[in-house]
Amino acid sequence: MTYNPYDFYFKKAKKEWYKARSAFKLEEIQNKFHLIDKNTKTVVDIGCAPGSRMQYTISLLQKMHVKDYKVIGFDLKRVDMQLPWMYAYAQDITEQDKVDAIFAENWIEQVDFIQSDMAPNTIGDKETDAIRSIGLLEQTLRVYDKYLKPDGKFCTKIFMGPWFDEYVANLKKKYGWKSIKVFKPESCRRESKETYVIKI
Ligand SMILES: C[S@@+](CC[C@H](N)C(=O)[O-])C[C@H]1O[C@@H](n2cnc3c(N)ncnc32)[C@H](O)[C@@H]1O
């Protein structure tokens, strides 16, 4: 099947005011795993630009009447949008000291939910792209280790390829076999190697 940039989810995103179709993947994941709930106060969004997941997350927190929430986003690009209690930083997530300084200036010691939709620059070769994706994730694990609450949840995009099974096995060892799930939402393009590793 040929890639159609103006497919169903692209049109749906336009109609529902989302900045990108990425929001629907998170919506499907949320509907299945209920990662965000009334106790979710602090959310970190890695690879947040242009901001569709922040839009979805904030509207959900507001619908749930969560008070005092904070959604902190990181991306290499700027987010051209402002929503209540949303703080988006044009900041490479792998720059540890700068990322730590941002957590400190927002008075964040622990996080309830981390979502990562980060994608490296792809070259079109699925194997190389998958290796780059895992390489980039490895560099962000420190954020999870340092800031995720012991009962915190995450949802991380990853491209399937060499080392995928080993990567997931390591997460299962670290967080418990029953806590880690692998899920590919319907709204991902069928031909894409993109999938999600989720901690419930
Ligand atoms: C698929 S887009 C994200 C879409 C976004 N989640 C949304 O809902 O609108 C992937 C993003 O990952 C970002 N990215 C890639 N490497 C990064 C890094 N080292 N640090 C932060 N963001 C990065 C890219 O700039 C790009 O905007």
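Order of listing sets the numbers, starting from 1, for every ligand and every atom in it. Bear in mind that the values here come from a model prediction, so they are computed numbers and not experimental data.
- Ligand 1 has Lys157 within reach: a non-hydrogen atom of the residue lies less than 4.0 Å from it.
- If you look at Pro50 next to ligand 1, the close heavy atoms, those under 4.0 Å, come from the backbone and the side chain alike.
- When only non-hydrogen protein atoms are considered, atom 19 (N) of ligand 1 lies nearest to Asp92 OD1, 2.9 Å.
- When only interatomic distances are considered, the shortest N/O to N/O separation between Arg53 and ligand 1 falls below 3.5 Å.
- Partners of Asn39 according to the side chain to side chain contact (heavy atoms under 4.5 Å, CB included) rule, which considers only residues two or more places apart in sequence or in another chain, are Asp37.
- Summarising the local packing, CG of Asp145 is surrounded by more than 12 heavy atoms from other residues, nucleotides or ligands at distances under 6.0 Å.
- Annotation: salt bridge (charged side-chain N to carboxylate O under 4.0 Å, His left out) contacts of Lys32 (sequence neighbours excluded): none.
- Heavy atoms of Met118 come nearer than 4.0 angstrom to ligand 1 in at least one pair.
- Distances shorter than 4.0 angstrom occur between a heavy atom of Ala49 and an atom of ligand 1.
- From the protein, the heavy atom lying nearest to atom 10 (C) of ligand 1 is Asp117 O, 3.4 Å.
- To the nearest 0.5 Å, atom CZ of residue Arg21 and atom CD of residue Glu27 are 13.0 Å apart.
- Using bins of under 30°, 30° to 60° and over 60° for the plane-to-plane angle, the ring pair Phe154/Tyr144 lands in the perpendicular bin.
- The N/O atoms of Gly47, backbone and side chain alike, include one that comes under 3.5 Å of an N/O atom in ligand 1.
- From the protein, the heavy atom lying nearest to atom 25 (O) of ligand 1 is Asp75 OD1, 2.6 Å.
- When non-hydrogen atoms are compared, ligand 1 lies under 4.0 Å from the backbone of Cys48 (N, CA, C, O) but not from its side chain.
- In terms of modelled atom types and a separation under 3.5 Å, the side chain of Ser133 and the main chain of Ile158 share no donor-acceptor contact.
- The line from CG of Leu76 to SG of Cys48 is 9.5 Å long, rounded to the nearest 0.5 Å.
- Protein heavy atom nearest atom 8 (O) of ligand 1, with residue, atom name and distance: Ser52 OG, 2.6 Å.
- A salt bridge links Glu194 to Lys25: one of the charged nitrogens lies within less than 4.0 Å of a carboxylate oxygen.
- Between Asp100 and Arg142 there is a salt bridge, with a side-chain nitrogen of the basic residue lying less than 4.0 Å from a carboxylate oxygen of the acidic one.
- In terms of protein heavy atoms, atom 20 (N) of ligand 1 is closest to Ile93 N, 3.1 Å.
- At a 4.0 Å cut-off, at least one heavy atom of Ala119 sits close enough to ligand 1 to count as contact.
- Within ligand 1, counting atoms from 1 as listed, the ones closer than 4.0 Å to a heavy atom of Gly51 are 7 (C), 9 (O).
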